[in-house]
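What follows is a short report on a single structure.
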Amino acid sequence: MGATEAKTVHSPALTYFSMLSLLSLCPPFVILLWYTMVHADGSVVQTWNFLKQHGLQGFLDIWPRPTAIAWKIIFVYGAFEAALQLILPGKRVEGPVSPTGHRPVYNANGMAAYFVTLVTYISLWWFEIFNPTVVYDHLGEIYSALIFGSLIFCVFLYIKGHVAPSSTDSGSSGNLIIDFYWGMELYPRIGKSFDIKVFTNCRFGMMSWAVLAVTYCIKQYEANAKVSDSMLVNTTLMLVYVTKFFWWEAGYWNTMDIAHDRAGFYICWGCLVWVPSIYTSPGMYLVNHPVNLGSQLALYILVAGILCIYINYDCDRQRQEFRRTSGKCKIWGKAPSKIEATYTTTSGETKTSLLLTSGWWGLARHFHYVPEILAAFFWTVPALFNHFLPYFYVVFLTILLFDRAKRDDDRCRSKYGKYWKLYCNKVPYKIIPGIY
């Protein structure tokens, strides 16, 4: 994959515009979202009126300065997760072969790290050693510190990519902004075994989602001496989703995030800042806005959400099983239908891939995004519809996954050529069967 691979999907002008917009707009948006959820009653109008009245100075006033306690919380959490990533035993797993013929090797201990993290965190609260409400009370400062700290980290990745790349899967596009935004290295590591993308994406980003979901629940309990059913549904569904993620973590290492997108601002800053702030935002809203759904409605939402998460998992499981057995497996009780596609690597080798065209993957080429978006809707809907902002994550996720489907299709079209055309004829819909 050339360093410019990911940039050719849209026109150069649009690419530059979107890169510069995201680099400049995402950091202030994180702060505005936090401020609106926590201090402006979840009301976009209230925040807008405040900014209209006080202008830029008002915005600078609400931007919390990173404090010593914020840095300490981030450092302790990061060091703890890094230690678990290095120390905990796990199965040796090989990633997909990269275009330059490199095959990364991982230690699959995500589920163990997830279990140890949650048990440790809840135990610290239970035995009154550390109160998670401290995290919530300093959330703005933590996000602020993460914004700046992660930008510095992305500069480190950029320099490392130039000076000391970890593998042959690295290179420059010749453009500083593109290199910084999309990244230089596909598999950056510190030493032989500490994989930076596994840390940023899985152990820091996804793990923080679960930790913050629990934090919001405990904060509401400490404030109101009870937890609302809406918060319970939200927290349960988020934890089920994150548990599914770590259960399937080795499968995640075969996806676009790890195997195609390089380690730059887009992926790493996104996982270090955007995931803990935006992905957890429905729970952040519910802390101060407990909704009483009633047990029947709460149960319906919970079951619907769990069903969506299960279908999302089963889609990934089906494809993984199909790849693992080279198509010699049963899908929905019968032999899978498939297309055998040949392609040429950058080094000129001819290789073969199997494209699955039955089961969930016969419904649409990216059908697994449908239950993922619906799951996000179900863990947000306990907030009901007084404010739009809790639904920002659902809207963002929809845009992200539709864009990812386009990038993935474009990449596969250039990789497989006529076989991809054949595949698209057999599975004509991109995401939503019968519609799109």
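The analysis underlying the following values was restricted to heavy atoms, covering all of them including side chains, and did not include hydrogens, waters or symmetry mates.
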Sub-3.5 Å donor-acceptor pair from the side chain of Tyr143 to the main-chain atoms of Pro276, do we have one? yes
- Query: Below 4.5 Å, heavy atoms only, C-beta onward: do Val233 and Trp379 meet side chain to side chain?
  - Reply: no
key: Check: Leu286 main-chain N/O paired with Gln220 side-chain donor or acceptor under 3.5 Å   = yes
- Query: Do Trp269 and Phe265 have their ring centres less than 6.0 Å from each other?
  - Reply: yes
Answer yes or no: is there an ion pair linking Asp410 with Arg413, defined by an N-O contact shorter than 4.0 Å? yes
With sequence neighbours left out, the residues meeting side chain to side chain donor-acceptor pair (under 3.5 Å) with Thr67 are Glu141
d(Phe378 CZ, Tyr300 OH) to nearest 0.5 Å is 13.0 Å
*Between Tyr310 and Tyr313, how do the two ring planes meet: parallel, tilted or perpendicular, split at 30° and 60°?*
tilted
Correct closest heavy-atom pair for Ile31 and Gly140 would be CD1-O, 4.2 Å
For Asp257, the salt bridge (Lys or Arg N to Asp or Glu O under 4.0 Å) test, sequence neighbours excluded, returns Arg404
- Are the side chains of Val135 and Lys219 in touch, meaning some heavy atoms are under 4.5 Å apart? no
Q) Do the non-hydrogen side-chain atoms of Phe246 and Cys202 ever get within less than 4.5 Å of each other? A) yes
dist Cys26:SG -> Leu151:CG (nearest 0.5 Å) comes out at 10.5 Å
The ring pair (Phe, Tyr, Trp, His ring centres under 6.0 Å) partners of Phe180 (sequence neighbours excluded) come to none
- request: Just say parallel, tilted or perpendicular for the rings of Phe377 and Tyr391, cut-offs at 30° and 60°.
  value: tilted
Between Phe204 and Tyr77, does the ring centre distance come in under 6.0 Å?
-> yes
Q.
Would you say Ser353 and Tyr416 are linked by a side-chain donor-acceptor pair, where the criterion is simply a distance under 3.5 Å?
A. yes
Those residues at least two apart in sequence (or on a different chain) that pass salt bridge (Lys or Arg N to Asp or Glu O under 4.0 Å) with Asp169 are none
For Gly95, is there any backbone N or O sitting under 3.5 Å from a side-chain donor or acceptor partner on Arg103? yes
Exactly one candidate in Leu84, Asn109, Leu239, Val119 meets side-chain contact (heavy atoms from CB on, under 4.5 Å) with Tyr114; the answer is Leu239
Across all chains, not counting sequence neighbours, the ring pair (Phe, Tyr, Trp, His ring centres under 6.0 Å) partners of Phe392 are Phe29
**Message:** Using ring centroids (six-membered ring only for Trp), state whether Phe245 and Trp209 fall under 6.0 Å.
**Reply:** no
Side chain to side chain, Glu185 and Leu157, heavy atoms closer than 4.5 Å: no
Residue set satisfying side chain to side chain donor-acceptor pair (under 3.5 Å) with Thr357, at least two apart, ordered chain then number -> Ser337
Original post:
How about Glu81 and Thr117: do any of their side-chain heavy atoms sit closer than 4.5 Å?
Top reply: yes
Side chains of Thr215 and Tyr121 only: does a donor on one sit below 3.5 Å from an acceptor on the other?
yes
Taken in chain and number order and not counting sequence neighbours, the residues that satisfy side chain to side chain donor-acceptor pair (under 3.5 Å) with Trp361 are none
Both conditions, 6.0 Å and 45 degrees, for the charged tip of Arg262 above the ring of Tyr158: are they met here? no
Check this for me, if you would: do Arg203 and Glu249 make a salt bridge, where the nitrogen-to-carboxylate-oxygen distance has to be below 4.0 angstrom? yes
Could you go through residues 314-327 and list every donor-acceptor pair under 3.5 Å that involves a side-chain atom there, pairing it with any protein atom two or more places apart or in another chain?
unit_1: Asp314; atom_1: OD1; unit_2: Arg317; atom_2: NE; d: 2.9
unit_1: Asp314; atom_1: OD1; unit_2: Arg317; atom_2: NH2; d: 3.0
unit_1: Asp314; atom_1: OD2; unit_2: Trp360; atom_2: NE1; d: 2.8
unit_1: Gln318; atom_1: OE1; unit_2: Trp360; atom_2: N; d: 2.9
unit_1: Gln320; atom_1: OE1; unit_2: Trp248; atom_2: NE1; d: 3.1
unit_1: Glu321; atom_1: OE1; unit_2: Arg324; atom_2: NE; d: 3.3
unit_1: Glu321; atom_1: OE1; unit_2: Arg324; atom_2: NH2; d: 3.3
unit_1: Glu321; atom_1: OE2; unit_2: Arg324; atom_2: NH2; d: 2.9
unit_1: Thr325; atom_1: OG1; unit_2: Glu321; atom_2: O; d: 2.9
unit_1: Thr325; atom_1: OG1; unit_2: Lys328; atom_2: N; d: 3.4

Review item, side-chain donor-acceptor pairs of residues 418-430, under 3.5 Å, at least two apart:
unit_1: Tyr419; atom_1: OH; unit_2: Thr342; atom_2: OG1; d: 3.3
unit_1: Asn425; atom_1: ND2; unit_2: Lys421; atom_2: O; d: 3.4

Check your understanding: Between Asp179 (side chain) and Ser173 (backbone), is there a donor-acceptor pair under 3.5 Å?
Key -> yes
Quiz prompt | Heavy atoms of other groups near Phe17 CZ, more than 12 under 6.0 Å | solution = no
- Message: Would you say that more than 12 heavy atoms from the other residues, nucleotides or ligands in this model lie under 6.0 Å from the CH2 of Trp126, or not?
- Response: no
Value for OH (Tyr393) from OH (Tyr279), rounded to nearest 0.5 Å, stands at 5.0 Å
Residues Ala383 and Val291: closest non-hydrogen pair is O-CG2, 4.1 Å
Residue pairs passing the salt bridge (Lys or Arg N to Asp or Glu O under 4.0 Å) test with at least one member in residues 70-79, sequence neighbours excluded, are none
The complete set of side-chain hydrogen bond (donor to acceptor under 3.5 Å, both in side chains) pairs with one or both residues in residues 24-34, sequence neighbours excluded, reads none
Between Cys308 and Leu374, the two heavy atoms sitting closest are SG-CB, 3.6 Å
| query | Is there a donor-acceptor contact under 3.5 Å from the side chain of Ser144 to the main chain of Pro64? | reply | yes
Between the CG atom in Leu302 and the CG atom in Leu297, the distance rounded to the nearest 0.5 Å is 11.0 Å
- prompt: Any sub-3.5 Å donor-acceptor pair from Asn234's side-chain atoms to Ala213's backbone N or O?
  reply: no
- So do the side chains of Ile311 and Phe367 get within less than 4.5 Å of each other, counting heavy atoms only? yes
The single option from His102, Lys192, Lys160, Arg189 that satisfies side-chain hydrogen bond (donor to acceptor under 3.5 Å, both in side chains) with Ser166 is Lys160
Would you confirm whether Ser208, through its side chain, and Gly205, through its main-chain N or O, come within 3.5 Å as a donor-acceptor pair?
-> yes
(Q) Taking atom CZ as the centre, does Phe153 end up with more than 12 heavy-atom neighbours from other residues, nucleotides or ligands that are less than 6.0 angstrom away? (A) yes
message = Would the distance check show the side chain of Asp229 and the main-chain N or O of Leu293 forming a donor-acceptor pair, the cut-off being under 3.5 Å?
response = yes
Donor + acceptor pair across side chains of His260, Asp408 (<3.5 Å): no
>> Side chains of Tyr285 and Leu389, heavy atoms from C-beta outward: is any pair under 4.5 Å?
In response: no
Closest non-hydrogen atoms of Pro282 and Met238, given as atom of the first, atom of the second and distance, are CD-CE, 4.0 Å
| message | Can a donor-acceptor pair be found, under 3.5 Å and without considering hydrogens, that links the side chain of Lys197 to the backbone of Tyr187? | response | no
Residues passing the side chain to side chain donor-acceptor pair (under 3.5 Å) test with Ser230, sequence neighbours excluded, are Ser228
Q.
Do Met19 and Trp182 make a side-chain contact, defined as non-hydrogen atoms from C-beta onward lying under 4.5 Å apart?
A. yes
